[in-house]
*Asks:* 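Shown below is the structure under consideration.
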Amino acid sequence: MEFFEAVEARRSIRKFTSDPVPAEVVERALDAAILAPNSSNTQTWNFYWVRSAEKKAELVKACFGQAAARTAQELVVFVADPALWKRSQQPLVEFVEKVNAPKAVIFYYKKLIPMTYRAGFLNLWGYFRALTLWFSGLLRPVPRGPNTLRDLQEVAIKSSALAAENFVLAMAAQGFSTCMMEGFDEVRVKKLLKLSGTARVTMVVGMGKGTEAGTWGPRFRIPREWVIHHV
Ligand SMILES: Cc1cc2nc3c(=O)[nH]c(=O)nc-3n(C[C@H](O)[C@H](O)[C@H](O)COP(=O)(O)O)c2cc1C
């Protein structure tokens, strides 16, 4: 399916048929998720394809039993965790050295990433950094964040949300429907997946073959001129 066809075909579908989704379809969409742009290429994400019937039932419960989860043939949870910068730092340093990236890029991965992805105890390191940058910012443009653990989580959430979008478009391109969900009890989902304290659950995605009853009606968007501004 051509790109714009997939973009237009994708709708949030909340009721799926009992037809199974072939594993290779989900795997291909997960591969597309991995290719999403992400902050500094740190790939601070994990994707949990919940396949065990027992865990699936628990996840549906944590999603308040909503139809998009209850009738989904498969469920994938998109997770963001800023602490995962440590997982990719060494491979990234090795990679940028191998491809002879500019010195500034190597310095960025070796030195700046560890400084940036750190908030410190009670965010104290982050507040100190924010204060010094505030003074520098009086004279020139400076990065204003991320400073706190929340800020770092926000950065990671942006990237994993982009991965989720790649995922749903890849499912649409393969003829399957999806529904992104933020309607879930994050504490319960984190417990179910045994996630670390710094992790955030970005999205649960339900998928399957869609039904007509799966949408409330035709797609609705507010007028484009309310949203798109030529400055
Ligand atoms: C971040 C996010 C969270 C969402 N959470 C839910 C949800 O919990 N339950 C649900 O039925 N739909 C959920 N949706 C789907 C939206 O309601 C849907 O995208 C929107 O109504 C636009 O419709 P469309 O996707 O068919 O274009 C969510 C979508 C996004 C992007």
Side-chain angles (χ1 to χ4, degrees), residues 1-39 45-51 53 55-80 154 156-186 188-189 192 200-231:
M1 195 185 283
E2 192 254 329
F3 173 74
F4 287 100
E5 275 173 18
V7 170
E8 278 157 32
R10 186 215 59 80
R11 292 293 316 276
S12 291
I13 298 296
R14 299 176 177 87
K15 199 165 175 216
F16 302 99
T17 68
S18 56
D19 297 316
V21 184
E24 57 272 22
V25 168
V26 182
E27 296 286 8
R28 198 163 179 211
L30 286 168
D31 286 338
I34 286 170
L35 296 184
N38 65 93
S39 181
W45 53 33
N46 279 316
F47 315 136
Y48 293 83
W49 181 5
V50 179
R51 305 183 81 174
K55 287 202 161 61
K56 232 164 125 183
E58 269 187 71
L59 182 57
V60 170
K61 243 203 250 173
C63 292
F64 315 123
Q66 55 175 304
R70 204 176 61 244
T71 66
Q73 291 305 305
E74 303 294 339
L75 289 164
V76 173
V77 185
F78 287 80
V79 172
E154 187 180 287
I157 287 168
K158 281 185 210 171
S159 296
S160 66
L162 294 175
E165 177 66 4
N166 265 20
F167 180 87
V168 297
L169 288 177
M171 290 300 293
Q174 297 180 92
F176 288 86
S177 299
T178 53
C179 186
M180 287 190 181
M181 287 171 270
E182 62 185 349
F184 51 77
D185 177 334
E186 191 176 13
R188 283 187 162 78
V189 178
L192 173 69
R200 297 295 307 273
V201 182
T202 304
M203 215 91 76
V204 178
V205 177
M207 69 213 76
K209 276 281 174 200
T211 60
E212 287 228 347
T215 64
W216 300 324
R219 195 197 306 271
F220 170 77
R221 290 295 188 266
I222 55 175
R224 83 191 289 280
E225 58 271 21
W226 292 9
V227 186
I228 297 173
H229 310 279
H230 296 252
V231 182

*Asks:* Short question: side chain of Arg11, backbone of Gly217 - any donor-acceptor pair under 3.5 Å?
*Replies:* yes
*Asks:* Using modelled atom types and a 3.5 Å cut-off, is there a donor and acceptor pairing between side-chain atoms of Glu165 and backbone atoms of Ala161?
*Replies:* no
*Asks:* Begin with the C-alpha distance, continue with both residues' side-chain angles, and end with the deciding distance and a verdict on side-chain contact (heavy atoms from CB on, under 4.5 Å) for Met181 and Leu75.
*Replies:* CA-CA 10 Å; Met181 287 171 270; Leu75 289 164; 4.3 Å; yes
*Asks:* Report the C-alpha separation of Glu186 and Phe184 in whole Å, then their side-chain angles, then the decisive distance to 0.1 Å, and conclude whether the side-chain contact (heavy atoms from CB on, under 4.5 Å) test is met.
*Replies:* CA-CA 6 Å; Glu186 191 176 13; Phe184 51 77; 4.0 Å; yes
*Asks:* Is the backbone N or O of Ser160 less than 3.5 Å from a side-chain atom of Thr202, with the two atoms forming a donor-acceptor pair by type?
*Replies:* no
*Asks:* Which distance, rounded to the nearest 0.5 Å, do you find between the CD of Glu74 and the OG1 of Thr178?
*Replies:* 13.5 Å
*Asks:* Could you grab the distance from atom NZ of Lys209 to atom CD of Gln73, nearest 0.5 Å is fine?
*Replies:* 11.5 Å
*Asks:* Are any non-hydrogen side-chain atoms of Val77 and Val201 less than 4.5 angstrom apart?
*Replies:* yes
*Asks:* Between Phe47 and Trp49, is the ring centroid distance below 6.0 Å?
*Replies:* no
*Asks:* What's the spacing between Arg188 CZ and Leu192 CG if we round to 0.5 Å?
*Replies:* 11.0 Å
*Asks:* Can you find a pair of side-chain heavy atoms, one from Met171 and one from Phe176, that are under 4.5 Å apart?
*Replies:* yes
*Asks:* Start with the C-alpha distance between Tyr48 and Phe78, add both sets of side-chain angles, then the distance that settles ring pair (Phe, Tyr, Trp, His ring centres under 6.0 Å), and finish with yes or no.
*Replies:* CA-CA 7 Å; Tyr48 293 83; Phe78 287 80; 10.0 Å; no
*Asks:* Is the backbone N or O of Leu169 less than 3.5 Å from a side-chain atom of Arg10, with the two atoms forming a donor-acceptor pair by type?
*Replies:* no
*Asks:* Keeping Asn166 on the side-chain end and Ala32 on the backbone end, is there a donor-acceptor pair under 3.5 Å?
*Replies:* yes
*Asks:* Looking only at atom types and distance, does a side-chain atom of Thr71 sit under 3.5 Å from a main-chain N or O of Phe16, one as donor and one as acceptor?
*Replies:* yes
*Asks:* For a 4.5 angstrom cut-off between non-hydrogen side-chain atoms, does His230 reach Ile228?
*Replies:* yes
